[in-house]
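On a predicted model such as this, the values are computed, not experimentally measured, just so you know.
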Amino acid sequence: MSLALDPAAQDLLFREARTANTFTDEPVTDEQVQAIYDLVKYGPTAFNQTPLRITLVRSPEARERLVKHMAEGNRPKTAAAPLVAILSADNEFHEELPALLPHFPQAKDMFFAERPVREQSALLNAALQAAYFIVGVRAAGLAAGPMTGLDFVGVQKEFLDADHTPLMVVNIGKPGEDAWFPRSPRLSFDEVVTTV
């Protein structure tokens with residue numbers, strides 16, 4: 001195979017990585033989350049924007065508030081995961097562009113003056129960053145359980161504000177007993193790739 005990444009790392013990040021549905025009670029530390037972010041912050045985005053926001057749900061009270069907004073099937077695993085993160089898009093990300101794009105500070109006003117344009121860009125680029133975050137969780141030797149089965153309006157009202165759009169909730173930790181559902185099929189190269 002013509003990949004530079006070691007086969008064991010390929011397995012850890014992709015082939016053997018799975019969405020965990022149960023977790024051990026081993027805690028996920030702030031240091032682990034910091035290391036994950038310090039790795040994934042380098043993933044590319046348009047205009048080097050950084051719209052992803054991560055809300056760590058650690059307290060029992062906050063966890064209880066979140067669980068009530070999860071779809072029925074997601075409630076038990078969200079209640080039991082060592083750490084839960086709400087990933088959202090900051091629709092006011094453009095305020096940081098002069099610092100993040102110092103060679104082109106006018107991009108803030110030139111491209112992102114209108115709120116609908118910002119919302120669309122924030123959603124796309126925060127989703128990219130969310131994918132990097134999931135891979136970063138795997139790189140830390142942890143399992144991620146990303147979920148979109150939730151009441152988005154309820155989560156926004158409970159934990160965010162009108163400038164932040166929730167994307168998903170991610171359960172994080174060491175996989176527990178019977179953590180994996182059977183792996184679902186994937187499309188083949190020929191079904192996905194077209195050359196023109």
Side-chain angles (χ1 to χ4, degrees), residues 13-14 19 33-34 36-58 62-75 77-78 81 83-139 144-172 184 186-187 191-196:
L13 298 178
F14 297 100
T19 296
V33 177
Q34 176 79 47
I36 290 164
Y37 181 73
D38 285 343
L39 177 65
V40 304
K41 69 183 179 185
Y42 295 109
T45 58
F47 292 96
N48 199 36
Q49 62 185 270
T50 307
L52 180 69
R53 296 296 177 265
I54 304 164
T55 303
L56 300 178
V57 182
R58 287 207 180 270
R63 184 74 60 100
E64 189 175 313
R65 289 171 30 223
L66 176 61
V67 166
K68 71 180 182 183
H69 295 292
M70 300 304 295
E72 185 83 23
N74 292 333
R75 288 178 183 170
K77 52 191 168 186
T78 302
L83 179 62
V84 180
I86 300 168
L87 304 188
S88 62
D90 181 356
N91 295 306
E92 297 299 313
F93 70 88
H94 69 305
E95 296 295 343
E96 299 156 344
L97 282 181
L100 294 173
L101 205 63
H103 62 281
F104 189 25
Q106 61 271 35
K108 173 190 171 200
D109 298 317
M110 186 179 293
F111 294 103
F112 301 108
E114 301 295 324
R115 174 74 181 226
V117 173
R118 284 199 309 275
E119 288 178 353
Q120 183 178 10
S121 189
L123 189 62
L124 173 63
N125 288 281
L128 278 173
Q129 291 186 287
Y132 303 143
F133 181 80
I134 292 165
V135 173
V137 168
R138 294 171 175 179
M147 300 170 294
T148 56
L150 56 113
D151 172 5
F152 285 91
V153 172
V155 167
Q156 183 180 36
K157 286 180 181 175
E158 192 84 42
F159 293 95
L160 307 170
D161 59 33
D163 288 332
H164 294 80
T165 304
L167 300 171
M168 66 184 69
V169 168
V170 182
N171 295 329
I172 304 168
S184 297
R186 300 297 195 266
L187 296 176
E191 292 173 296
V192 173
V193 178
T194 303
T195 301
V196 295

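- With salt bridges taken as basic N to acidic carboxylate O contacts below 4.0 Å, none links E64 and K68.
- Counting only distance, with no hydrogens or angles, the side chain of R63 and the backbone of R58 share no donor-acceptor pair below 3.5 Å.
- For the pair F104 and N48, the minimum side-chain heavy-atom distance is 4.5 Å or more.
- Smallest separation of non-hydrogen atoms from R138 and L13: NH1-O, 2.8 Å.
- When atom types are taken as modelled, the side chain of R118 and the backbone of E92 share no donor-acceptor pair closer than 3.5 angstrom.
- T50 and E96 make their closest contact through O-OE1, 3.8 Å (heavy atoms, listed as atom of the first residue, atom of the second, distance).
- The number of heavy atoms from other shown groups lying within 6.0 Å of CD (E114) does not exceed 12.
- Within the model, atoms CZ of R115 and NE2 of H94 stand 9.0 Å from one another, a figure rounded to the nearest 0.5 Å.
- Ring planes of F111 and F47: tilted class, angle from 30 to 60°.
- Between the side chain of N125 and the backbone N or O of T45 there is no donor-acceptor pair closer than 3.5 Å.
- To the nearest 0.5 Å, atom CZ of residue F133 and atom CD1 of residue I172 are 4.0 Å apart.
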Problem set entry | Derivation and outcome, side chain to side chain contact (heavy atoms under 4.5 Å, CB included), residues L150 and N74 | CA-CA 8 Å; L150 56 113; N74 292 333; over 6 Å; no
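- No donor-acceptor distance shorter than 3.5 angstrom exists from the side chain of N171 to the backbone of A81, with no hydrogens or angles considered.
- The OG1 atom of T55 sits 5.5 Å away from atom CD1 of I86, with the distance rounded to the nearest 0.5 Å.
- Closest of all the heavy-atom pairs between L167 and A89 is CG-N, 4.1 Å.
- Across every non-hydrogen atom of I54 and L87, the tightest pair is CG1-CD2, 3.7 Å.
- The backbone N or O of S88 lies less than 3.5 Å from no partner atom in the side chain of R53, so there is not a single donor-acceptor pair.
- Judged by distance alone, the side chain of N91 and the main-chain N or O of D163 form a donor-acceptor pair under 3.5 Å.
- Nearest heavy-atom pair across Q49 and S121 is NE2-OG, 2.9 Å.
- Remark: Q120 CD is loosely packed, at most 12 non-hydrogen atoms of other residues, nucleotides or ligands lying under 6.0 Å away.
- When every heavy atom of T148 is checked against every heavy atom of M168, the shortest pair comes out as CG2-CB, 4.1 Å.
- A donor-acceptor contact shorter than 3.5 Å links the side chain of Y132 to the backbone of P44.
- Interatomic distance, M70 CE to D151 CG, rounded to the nearest 0.5 Å: 10.0 Å.
- Considering only heavy atoms from C-beta on, H164 stays 4.5 Å or farther from V155 through its side chain.
- Side chain of Q129 to main chain of K41: no donor-acceptor pair is present (N/O by atom type, distance under 3.5 Å, no hydrogens or angles).
- Judged by distance alone, with hydrogens and angles left aside, the side-chain atoms of R65 form a donor-acceptor pair with the main-chain N or O of E158 at under 3.5 Å.
- The distance from the CE atom of M147 to the OG1 atom of T19 is 10.0 Å, given to the nearest 0.5 Å.
- At a threshold of 4.5 Å between non-hydrogen side-chain atoms, the residues D109 and Q106 do not count as touching.
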